[in-house]
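Below: one structure, written as structure tokens.
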Amino acid sequence: MKKLTAKSFLTKLTEYLWITVAGVVNGISMYTFINPAHLIAGGISGLSSALTYILVPFVGVEFESLMSIVYFALNIPLLICSIILLRGDFTFKTIWATIVCTATLAILAYFPQLQFTDTSARLIAVIFGGIMIGYAMYTASEYNGSNGGTEVIAKIVSKYHPEIDLSKVIMITNVFINIIGSAIVIAVVGESVSIAIYSLTYIFVGTTSMGMLKRGFNHPQKYLIVTTEYEQIMEDITNHFKRGCSCVDVVNSDPNTPQRKMVIVIVQYRQITQLKQLVKARDPHAFTFVKDVHDIFSRPTFNRSYKTK
């Protein structure tokens with residue numbers, strides 16, 4: 001067992017504070033934008049909304065108060081499975097995020113004035129609610145946690161079947177829940193079929209926002225430049241971008257072409273135009289192609305530590 005030091009305690013405390021933020025933002029997104037617009041989110045959130053719409057007429061409790069209970073109740077079996085199968089830091093952070101989100105929903109139920117009730121402007125609820133839920137998912141995942149629901153299922157499946165594409169499984173699950181939940185809203189609340197389209201758009205905005213936050217707005221890209229002027233281009237890149245690059249041999253299919261090599265360099269998105277101009281000035285006939293880079297493990301501060309002149 002590792003010895004608990006002041007530094008490790010502060011690190012762990014910081015992580016749980018950010019998990020708390022994720023849970024609060026998740027709850028605010030659901031209460032302020034999603035529920036008033038009768039949207040159906042993906043995962044357990046959407047399932048709890050649909051089930052709450054069915055139970056409200058029989059229980060006689062207001063929707064917002066009942067939903068916080070249903071949301072927590074539906075997460076309990078998944079959290080138990082996570083404790084048994086996963087254990088560790090992820091499980092405890094997920095439990096905490098679920099508790100925080102449930103408490104946020106329960107507390108906000110006393111402040112109905114905070115709800116965005118203009119159903120004629122559902123697109124606003126879709127955009128703002130989607131961005132907030134995307135931020136909540138991103139923040140939780142960055143600190144090895146989750147907001148519960150299908151994210152726990154994905155973590156369990158990935159442990160035993162890492163070869164499965166979990167993003168597709170989660171997407172299919174969310175779409176299925178969205179269709180079922182939207183059908184319930186149409187039947188119980190009397191909404192039109194358009195509510196399903198709005199709900200699907202909300203899921204798309206949320207997942208896209210999470211992806212953008214993970215990549216960053218100035219995400220790095222890998223350039224591969226096949227050129228005869230590799231020495232000059234490497235020197236220009238080193239001098240202008242203040243970073244290193246790699247050079248590998250290539251085999252020409254045409255024996256009559258001059259010797260060429262491939263220069264490999266990773267630059268920030270905002271530096272693309274400068275790199276193109278640099279390559280074109282040295283070798284207008286260079287063959288260049290680019291690939292997105294989503295993570296740089298050896299240099300986590302890549303975008304901050306490397307600057308152009």
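Between M137 and N147, some side-chain heavy-atom pair lies under the 4.5 Å cut-off. Side-chain contact between L79 and T91 is absent, with no heavy-atom pair separated by less than 4.5 Å. Using a 4.5 Å heavy-atom cutoff, the side chains of T94 and N75 are not in contact. Two residues are said to be in side-chain contact when any heavy atoms from C-beta on lie closer than 4.5 Å; I225 and F289 fail this criterion. Taking the side chain as every heavy atom from C-beta outward, L224 and V290 never approach each other to under 4.5 Å. At least one side-chain heavy atom of W96 sits less than 4.5 Å from a side-chain heavy atom of T20. Counting heavy atoms from C-beta outward, V265 and V267 have side chains that approach closer than 4.5 Å. At least one side-chain heavy atom of I34 sits less than 4.5 Å from a side-chain heavy atom of S29.
Residue pairs meeting the side-chain hydrogen bond (donor to acceptor under 3.5 Å, both in side chains) criterion with at least one member in residues 130-141, sequence neighbours excluded, are S141-K214. Residue pairs that meet the salt bridge (Lys or Arg N to Asp or Glu O under 4.0 Å) test with at least one member in residues 97-115, sequence neighbours left out, do not exist here. Note on residues 105-116: no pairs pass salt bridge (Lys or Arg N to Asp or Glu O under 4.0 Å), not counting sequence neighbours. Residue pairs meeting the salt bridge (Lys or Arg N to Asp or Glu O under 4.0 Å) criterion with at least one member in residues 174-194, sequence neighbours excluded, are R122-E191. Within the structure, the salt bridge (Lys or Arg N to Asp or Glu O under 4.0 Å) test picks out the following pairs touching residues 271-290 (sequence neighbours left out): D236-R282.
For D118, there are no salt bridge (charged side-chain N to carboxylate O under 4.0 Å, His left out) partners two or more places apart in sequence or in a different chain. In this view, L10 satisfies the side chain to side chain contact (heavy atoms under 4.5 Å, CB included) rule with no residue, not counting sequence neighbours. For the salt bridge (charged side-chain N to carboxylate O under 4.0 Å, His left out) test, residues two or more places apart in sequence or in another chain that qualify with K12 are E15, D89. In this structure M234 satisfies the side chain to side chain contact (heavy atoms under 4.5 Å, CB included) test together with C245, C247, V263, sequence neighbours excluded.
Between the CD1 atom in I99 and the OG1 atom in T104 there is a gap of 11.5 Å [rounded to 0.5 Å]. Here the NZ-CG distance, from K93 to N144, works out to 5.0 Å after rounding to the nearest 0.5 Å. Here the CD-CD distance, from Q274 to Q268, works out to 9.5 Å after rounding to the nearest 0.5 Å. Atom CG of residue L275 and atom CD1 of residue I272 lie 8.5 Å apart, to the nearest 0.5 angstrom. Between the OG1 atom of T98 and the CD1 atom of I76 there is a distance of 10.0 Å, given to the nearest 0.5 Å. Going from atom OG1 of T288 over to atom CE of M262 covers 11.0 Å, rounded to the nearest 0.5 Å.
Nearest approach of P36 to T117, heavy atoms of both residues: CB-CA, 4.3 Å. Residues S68 and L105 approach most closely at CB-CB, 3.7 Å, considering heavy atoms. Closest non-hydrogen pair, R260 versus T228, comes out as CG-CG2, 3.2 Å. Nearest heavy atom pair, residue G130 against residue S209, reads O-OG, 4.1 Å. Shown here for I19 and G145, the closest heavy-atom pair between the two residues is CD1-CA, 4.1 Å. Residues S194 and S192 approach most closely at OG-OG, 2.6 Å, considering heavy atoms.
Under the 4.5 Å side-chain heavy-atom criterion for ILVMFWY residues, no single connected hydrophobic cluster contains both Y223 and F287. A chain of hydrophobic side-chain contacts below 4.5 Å, direct or via other Ile, Leu, Val, Met, Phe, Trp or Tyr residues, connects I124 to V25. Linking ILVMFWY side-chain heavy atoms closer than 4.5 Å, directly or via other members, places F33 and V24 in a single hydrophobic cluster. Under the 4.5 Å side-chain contact rule for hydrophobic residues, I69 and F72 do not share a cluster. Residues V226 and V248 share a hydrophobic cluster, clusters being chains of Ile/Leu/Val/Met/Phe/Trp/Tyr side chains in contact below 4.5 Å.
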*Start with the C-alpha gap between K222 and I264, add the side-chain angles, then the distance that decides, and say whether side chain to side chain contact (heavy atoms under 4.5 Å, CB included) holds.*
CA-CA 7 Å; K222 180 171 68 173; I264 305 173; 3.9 Å; yes
*After noting the C-alpha distance and the side-chain angles of W18 and V21, does the key distance pass the side chain to side chain contact (heavy atoms under 4.5 Å, CB included) rule?*
CA-CA 5 Å; W18 281 111; V21 171; 4.3 Å; yes
*side chain to side chain contact (heavy atoms under 4.5 Å, CB included) between M30 and M67: does it pass, once the steps are laid out?*
CA-CA 10 Å; M30 293 167 61; M67 184 188 171; 3.0 Å; yes
*asked:* Could you walk me through whether F241 and Q271 satisfy the side chain to side chain contact (heavy atoms under 4.5 Å, CB included) test, starting with their C-alpha distance in whole Å, then the side-chain angles of each, then the deciding distance to 0.1 Å, before giving a yes or no?
replied: CA-CA 9 Å; F241 295 102; Q271 298 170 333; 3.7 Å; yes
Please list every donor-acceptor pair under 3.5 Å in which a side-chain atom of residues 106-116 meets a protein atom from a residue at least two apart or in another chain.
| residue | atom | partner | partner atom | Å |
| --- | --- | --- | --- | --- |
| Q115 | NE2 | Y31 | O | 3.4 |
| Q115 | NE2 | E64 | OE2 | 2.7 |

N/O donor to acceptor pairs below 3.5 angstrom from side-chain atoms of residues 49-63, sequence neighbours left out:
| residue | atom | partner | partner atom | Å |
| --- | --- | --- | --- | --- |
| S49 | OG | S45 | O | 3.0 |
| T52 | OG1 | S48 | O | 2.5 |

N/O donor-acceptor pairs under 3.5 Å from side chains in residues 195-204, not counting sequence neighbours:
| residue | atom | partner | partner atom | Å |
| --- | --- | --- | --- | --- |
| S199 | OG | I40 | N | 2.9 |
| S199 | OG | I195 | O | 2.9 |
| T201 | OG1 | I197 | O | 2.8 |

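Crowding of F92 atom CZ: a count of heavy atoms from other residues, nucleotides or ligands under 6.0 Å not exceeding 12.
In this structure, a donor-acceptor pair under 3.5 Å is present between the side chains of T5 and S8.
The main-chain N or O of A22 is never found under 3.5 Å from a side-chain atom of N26 such that the two would form a donor-acceptor pair.
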